[in-house]
Visitor: 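Starting off with a structure, shown below.
Worth saying up front: this structure is predicted, and the values here are computed from it rather than measured.
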Amino acid sequence: MGRVAGAYGVRGWVKAVPQAGVQESLAKAAAWWIGDECRRVGQARRHSATVVAKLEGIDTPEQARALKGREISVERAALPEAGDGHYYLADLLGLDVVNARGEKLGVVRLWLTNGPQDVMVVQGQAERLIPWVPTVVKQVDLESGRIEVDWEADW
């Protein structure tokens, strides 16, 4: 969902850099998971491209800075429904990836984010890195657990 960027102000507020499109959800969440610790959110607000929050148990700038670089997540119930043609990456993990010929290329095991687009790590007979772009990803069917791609088995 995002990463801790450091401290904000003198009272131990935490500054977070959320992934695109989730600022509001992060600001409204009742709790943030930072690593394996759940922290209740006392107050939070959007601040430019970031979210600043007062977290339970974080009272000094030093405590906030100690969280810098750690990943933030929230419970699934705190997220809005994904719109048509949009998906949470976690929902795509474990789906079968097939090409237009119906050949199974493997299963989505991991996601890489490299800036311009996300990349699926597909594990089959060989590991494949398949970009998540409209020219490659042709169809996603969550109910059948399948992603169809324009990708040949020997690529």
Side-chain angles (χ1 to χ4, degrees), residues 1-6 8 13-56 67-155:
M1 181 136 226
R3 292 208 177 272
V4 176
Y8 180 81
W13 283 63
V14 172
K15 185 176 185 179
V17 179
Q19 295 170 347
V22 297
Q23 288 173 314
E24 198 63 35
S25 296
L26 188 60
K28 289 181 177 179
W32 290 2
W33 283 90
I34 302 176
D36 60 354
E37 292 182 58
C38 184
R39 300 276 183 173
R40 296 208 44 80
V41 177
Q43 295 178 309
R45 67 177 183 274
R46 291 176 69 170
H47 182 71
S48 257
T50 65
V51 174
V52 293
K54 179 65 179 113
L55 302 179
E56 180 182 87
L67 301 175
K68 185 174 181 174
R70 306 228 2 234
E71 192 164 321
I72 301 168
S73 59
V74 298
E75 289 187 7
R76 179 56 185 261
L79 300 173
E81 287 298 315
D84 286 341
H86 293 86
Y87 309 93
Y88 288 110
L89 299 180
D91 291 342
L92 303 174
L93 290 172
L95 296 188
D96 290 334
V97 178
V98 299
N99 64 17
R101 297 178 198 204
E103 297 170 305
K104 183 175 175 180
L105 303 177
V107 174
V108 179
R109 291 290 179 219
L110 183 67
W111 287 94
L112 303 175
T113 301
N114 68 358
Q117 76 268 335
D118 293 320
V119 176
M120 292 185 285
V121 178
V122 178
Q123 187 63 54
Q125 289 182 352
E127 183 178 86
R128 293 179 172 86
L129 303 179
I130 301 177
W132 186 267
V133 294
T135 55
V136 173
V137 178
K138 297 303 180 184
Q139 183 179 8
V140 176
D141 186 343
L142 292 176
E143 287 183 25
S144 69
R146 181 178 143 130
I147 300 171
E148 183 181 321
V149 295
D150 183 7
W151 202 264
E152 294 300 321
D154 58 351
W155 290 358

Visitor: Do the side chain of Q23 and the main chain of V51 share a donor and acceptor less than 3.5 angstrom apart?
Guide: no
Visitor: Roughly how far, to the nearest 0.5 Å, is CG of L92 from CH2 of W132?
Guide: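 Answer rounded to 0.5 Å: 4.5 Å.
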Visitor: Check W13 against Q43 and note the closest heavy-atom contact, atom names and distance.
Guide: CZ2-OE1, 3.2 Å
Visitor: Are any of the side-chain heavy atoms of V97 and V107 separated by less than 4.5 Å?
Guide: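 In short, these two side chains do not touch, never coming nearer than 4.5 Å.
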Visitor: To check you understand the geometry: which heavy-atom pair defines the closest contact between P18 and T50, and what is its length?
Guide: CD-CA, 4.0 Å
Visitor: Taking all non-hydrogen atoms of both residues, which atom of V137 and which atom of P131 are closest, and how far apart?
Guide: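 The answer is CG2-O, 4.0 Å.
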Visitor: Between W32 (side chain only) and L26 (backbone N and O only), is there a donor and an acceptor less than 3.5 Å apart?
Guide: yes
Visitor: Between atom CD of Q123 and atom CG of L105, what is the distance when rounded to the nearest 0.5 Å?
Guide: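 Reported to 0.5 Å precision, the distance equals 12.0 Å.
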Visitor: Taking the side chain as every heavy atom from C-beta outward, state whether K15 and V52 have any atom pair closer than 4.5 Å.
Guide: yes
Visitor: Going by salt bridge (Lys or Arg N to Asp or Glu O under 4.0 Å), name the pairs with one or both residues in residues 33-54, residues two or more places apart or in two chains.
Guide: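 Pairs touching residues 33-54 that pass the test: E24-R46, E37-R39, K54-D59.
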Visitor: Nearest 0.5 angstrom please: H86 NE2 to D84 CG, how far?
Guide: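 The distance works out to 9.0 Å.
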Visitor: For E103, look at atom CD and say whether over 12 heavy atoms of other residues, nucleotides or ligands are found less than 6.0 Å away.
Guide: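 Yes, the 6.0 Å shell around CD holds more than 12 heavy atoms from other groups.
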Visitor: Please tabulate, for side-chain N and O atoms in residues 142-154, each donor-acceptor pair with protein atoms closer than 3.5 Å (sequence neighbours left out).
Guide:
| unit_1 | atom_1 | unit_2 | atom_2 | d |
| --- | --- | --- | --- | --- |
| S144 | OG | D141 | OD2 | 3.1 |
| E152 | OE1 | R101 | NE | 3.3 |
| E152 | OE1 | R101 | NH2 | 3.2 |

Visitor: Are K28 and V74 close enough, and set up right, to give a side-chain contact (heavy atoms from CB on, under 4.5 Å), and what steps lead you there?
Guide: CA-CA 10 Å; K28 289 181 177 179; V74 298; over 6 Å; no
Visitor: Please round to the nearest 0.5 Å and tell me the distance separating atom CD1 of I34 and atom CZ of R70.
Guide: 7.0 Å
Visitor: Looking at CG of L110 and CG of L89, how far apart are the two atoms once the value is rounded to the nearest 0.5 Å?
Guide: 10.0 Å
